[in-house]
Amino acid sequence: LCTGYKHSFPFMPNSLNLQCGNEYNLPNLYRNLQWYGADKDKADAGGNLFYMAMQNQIYTYTMFSMQARWVVSVIKGVVEVPDRKVCVADIEEKCERERDLTDSYKMIQSQTDYMKQLAADLGYNENLDCSQLFFQHKGRKGSDILTYRDYSYTSLHTSQQSPVHPTPWLRCFEDSLNGYINAWKN
């Protein structure tokens, strides 16, 4: 694997240590966040241990924000988590679904569903479903790996399309803020 992350928690006892690859549905974590030690060699932490931002990411910062809201809401008692048995069954079901994520489109839909689940748990009503943008981006990347970065997209929240950068990505070697701004002046 040449991209992705390898998480390491040498300070954690093995019985509470998250060990996983670059996956979308993680073992031992309810909502991919709250440790329940579902595997036989793992200990239960009684819902008092959380791992955030550990899974493979499509939504990235939006997901981090929703995860933080969820964890804080659980700690504050605003979101009630089902009992351990229900949480472990949910963890096992999600990990089983990991095998079905055989292409990028399924991965995008899976993480979209995850974001919707966190939002539902929190009573968060803003639309977070960017799947159509991700599908469009993925399709363009599949069509031409050299030009897919040269497209613009319409914001889900403002309905405004972003402008196309004046310099094609393959010829844009200036990545400073001033270089970006100056490219628009020419």
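Nothing fancy with the numbering, it's 1 onward along the sequence.
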Enquirer: Looking at L16 and A45, what are the two nearest heavy atoms and their distance?
Expert: CD2-CB, 4.1 Å
Enquirer: Are the side chain of H7 and the backbone N or O of C20 linked by a donor-acceptor pair below 3.5 Å?
Expert: no
Enquirer: Counting N and O atoms only, with roles assigned by atom type, does the side chain of Q136 sit under 3.5 Å from a partner on the main chain of K138, one being a donor and the other an acceptor?
Expert: no
Enquirer: Just so I know, are the side chains of R97 and L101 near enough to count as touching, which here means a heavy-atom distance under 4.5 Å?
Expert: no
Enquirer: Let me see the working for Q34 and V74 under side-chain contact (heavy atoms from CB on, under 4.5 Å), right down to the final yes or no.
Expert: CA-CA 9 Å; Q34 190 175 28; V74 169; 3.7 Å; yes
Enquirer: Using 0.5 Å steps for rounding, measure from the OH atom of Y24 to the OG atom of S110.
Expert: 8.0 Å
Enquirer: Take E174 and S176, measure what side-chain contact (heavy atoms from CB on, under 4.5 Å) needs, and give me the verdict at the end.
Expert: CA-CA 6 Å; E174 173 58 67; S176 69; 2.4 Å; yes
Enquirer: If you group Ile, Leu, Val, Met, Phe, Trp and Tyr by side-chain heavy-atom gaps below 4.5 Å, do Y124 and M52 land in one group?
Expert: yes
Enquirer: A cation-pi test, strictly: NZ or CZ of R140 under 6.0 Å from the centre of the six-membered ring of Y151 and no more than 45 degrees from its axis. Yes or no?
Expert: yes
Enquirer: Which heavy atom of I91 sits nearest a heavy atom of A38, and at what distance?
Expert: CG2-CB, 4.2 Å
Enquirer: Examine the side chains of D144 and T147 and answer whether a donor and an acceptor come within less than 3.5 Å of each other.
Expert: yes
Enquirer: Considering non-hydrogen atoms only, spot the tightest contact between A183 and T167 and give its length.
Expert: CB-OG1, 4.4 Å
Enquirer: Would you check if R149 and L170 make a side-chain contact, meaning some heavy-atom pair closer than 4.5 Å?
Expert: no
Enquirer: In Å, rounded to the nearest 0.5 Å, how long is the span from OG1 of T62 to CD of Q67?
Expert: 11.0 Å
Enquirer: How close do R31 and Y114 get, heavy atom to heavy atom, and via which atoms?
Expert: O-OH, 2.7 Å
Enquirer: Any ion pair linking D100 and K106 (charged N to carboxylate O, less than 4.0 Å)?
Expert: no
Enquirer: Looking at N182 and N178, would you say the former's side chain and the latter's main chain have a donor-acceptor pair under 3.5 Å?
Expert: yes
Enquirer: Kindly give the heavy-atom pair with the smallest separation between M63 and N56, and that separation in Å.
Expert: CE-O, 4.4 Å
Enquirer: Is the centre of the F50 ring less than 6.0 Å from the centre of the W35 ring?
Expert: no
Enquirer: Rounded to the nearest 0.5 Å, what separation is found between the CD atom of E92 and the CG atom of N25?
Expert: 13.0 Å
Enquirer: Could you tell me whether the side chain of N28 and the main chain of D39 form a donor-acceptor pair under 3.5 Å?
Expert: yes
Enquirer: Between M66 and M107, is there shared hydrophobic-cluster membership here, with clusters defined by ILVMFWY side-chain heavy atoms closer than 4.5 Å?
Expert: yes
Enquirer: Consider only side-chain heavy atoms of I, L, V, M, F, W and Y, link residues closer than 4.5 Å, and tell whether Y30 and V79 are in one cluster.
Expert: yes
Enquirer: Supply the atom-to-atom distance T112 OG1 to D129 CG, rounded to the nearest 0.5 angstrom.
Expert: 5.0 Å
Enquirer: Nearest 0.5 Å, please: how far is CG in L26 from SG in C95?
Expert: 7.0 Å
Enquirer: Side chains of N14 and Q19: donor-acceptor distance under 3.5 Å anywhere?
Expert: yes
Enquirer: Would you check if there is a donor-acceptor pair between the side chains of Q117 and D121 at a distance under 3.5 Å?
Expert: yes
Enquirer: Is it true that Y36 and V71 fall in one hydrophobic cluster, defined by side-chain heavy atoms closer than 4.5 Å?
Expert: yes
Enquirer: Closer than 4.0 angstrom, basic N to acidic O: yes or no for K94 and E98?
Expert: no
Enquirer: Surrounding CG of D83 (heavy atoms of other residues, nucleotides or ligands, distance under 6.0 Å), is the total greater than 12?
Expert: yes
Enquirer: Does the plane of the ring in H137 sit parallel, tilted or perpendicular to the ring in Y148? Use 30° and 60° as the thresholds.
Expert: perpendicular
Enquirer: For S162 and Q160, does a side-chain donor sit closer than 3.5 Å to a side-chain acceptor?
Expert: no
Enquirer: I want to know whether Y59 and F64 have ring centres closer than 6.0 Å.
Expert: no
Enquirer: Does atom CD of Q161 have more than 12 heavy-atom neighbours, drawn from other residues, nucleotides or ligands, at distances under 6.0 Å?
Expert: yes
Enquirer: Under a single-linkage definition using a 4.5 Å side-chain heavy-atom cutoff for Ile, Leu, Val, Met, Phe, Trp and Tyr, are V81 and I75 assigned to the same hydrophobic cluster?
Expert: yes
Enquirer: Judged by atom type as modelled, is there a donor-acceptor pair below 3.5 Å linking the side chain of Q111 to the main-chain atoms of I58?
Expert: yes
Enquirer: Any idea how W184 and Y180 line up, ring-wise: parallel (<30°), tilted (30 to 60°), or perpendicular (>60°)?
Expert: perpendicular
Enquirer: Drop me the distance from F135's CZ to S131's OG, to the nearest 0.5 angstrom.
Expert: 4.5 Å
